[in-house]
Engineer: 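Sharing a structure here in structure tokens format.
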Amino acid sequence: MNKTELASAIAEKAEISKKDAEKALKAFTEVVAEELKKGEKIQLVGFGTFEVGERAAREGINPRTRETIKIAAAKTPKFKAGKQLKDSLN
């Protein structure tokens with residue numbers, strides 16, 4: 001499912017216009033991104049938690065040249081599914 005299909009499904013489920021659903025979805029993704037940039041954690045009880053993970057600097061190997069390269073430390077977004085979401089899949 002892509003973003004357009006998700007907006008359509010939200011519009012149908014919430015009985016709102018597709019345009020309003022697209023605006024709400026865009027606002028949601030923007031707020032999540034902004035909060036993660038600040039280092040905040042977003043917890044949606046029953047659904048899951050969005051947070052920032054830290055990846056340490058490390059050494060890697062260039063597969064073409066077999067040369068050792070340094071990979072910089074990085075921050076990555078993480079999502080941990082909540083119990084209710086996990087239970088709904090089984």
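Hydrogens, waters and symmetry mates play no part in the numbers below; they use all other heavy atoms, side chains included.
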Engineer: Would L6 and I10 count as a side-chain contact (heavy atoms from CB on, under 4.5 Å) here? Give the steps.
Structural biologist: CA-CA 6 Å; L6 179 59; I10 291 170; 4.0 Å; yes

Engineer: Who pairs with K13 by side chain to side chain donor-acceptor pair (under 3.5 Å), at least two apart in sequence or on another chain?
Structural biologist: none

Engineer: If you measure from CG on L36 to NZ on K78, what distance do you get to the nearest 0.5 Å?
Structural biologist: 11.5 Å

Engineer: Is there any side-chain hydrogen bond (donor to acceptor under 3.5 Å, both in side chains) pair reaching into residues 36-46, and which pairs are they, with sequence neighbours excluded?
Structural biologist: E35-K38

Engineer: How long is the straight-line distance from NZ of K80 back to CG of L85, given to the nearest 0.5 Å?
Structural biologist: 12.5 Å

Engineer: With a cut-off of 6.0 Å (strictly less than), are more than 12 heavy atoms of other residues, nucleotides or ligands near CD1 of I61?
Structural biologist: no

Engineer: To the closest 0.5 Å, what do you measure between CZ (R55) and CD1 (I71)?
Structural biologist: 9.0 Å

Engineer: Apply side-chain contact (heavy atoms from CB on, under 4.5 Å) to the pair K18 and E22, showing each step before the final yes or no.
Structural biologist: CA-CA 6 Å; K18 188 175 174 184; E22 288 172 351; 3.6 Å; yes

Engineer: Can you measure from CD (E59) to CD1 (I69) and round to the nearest 0.5 angstrom?
Structural biologist: 9.5 Å

Engineer: For the pair F28 and F50, name the ring-plane relationship: parallel under 30°, tilted 30 to 60°, perpendicular over 60°.
Structural biologist: perpendicular

Engineer: Just checking E5: does its CD atom have more than 12 heavy atoms from other residues, nucleotides or ligands closer to it than 6.0 angstrom?
Structural biologist: yes

Engineer: Any side-chain heavy atom of E51 sitting closer than 4.5 Å to one from I42?
Structural biologist: no

Engineer: Test of understanding: with salt bridge (Lys or Arg N to Asp or Glu O under 4.0 Å), list the residues that count as partners of K19, not counting sequence neighbours.
Structural biologist: none

Engineer: If you group Ile, Leu, Val, Met, Phe, Trp and Tyr by side-chain heavy-atom gaps below 4.5 Å, do L44 and V32 land in one group?
Structural biologist: yes

Engineer: Would you compute the distance between atom OG of S8 and atom NZ of K3 and round it to the nearest 0.5 angstrom?
Structural biologist: 12.5 Å

Engineer: Which is it for E54 and K75 under the side-chain contact (heavy atoms from CB on, under 4.5 Å) test, yes or no, and what are the steps along the way?
Structural biologist: CA-CA 5 Å; E54 303 272 339; K75 293 181 181 181; 3.6 Å; yes

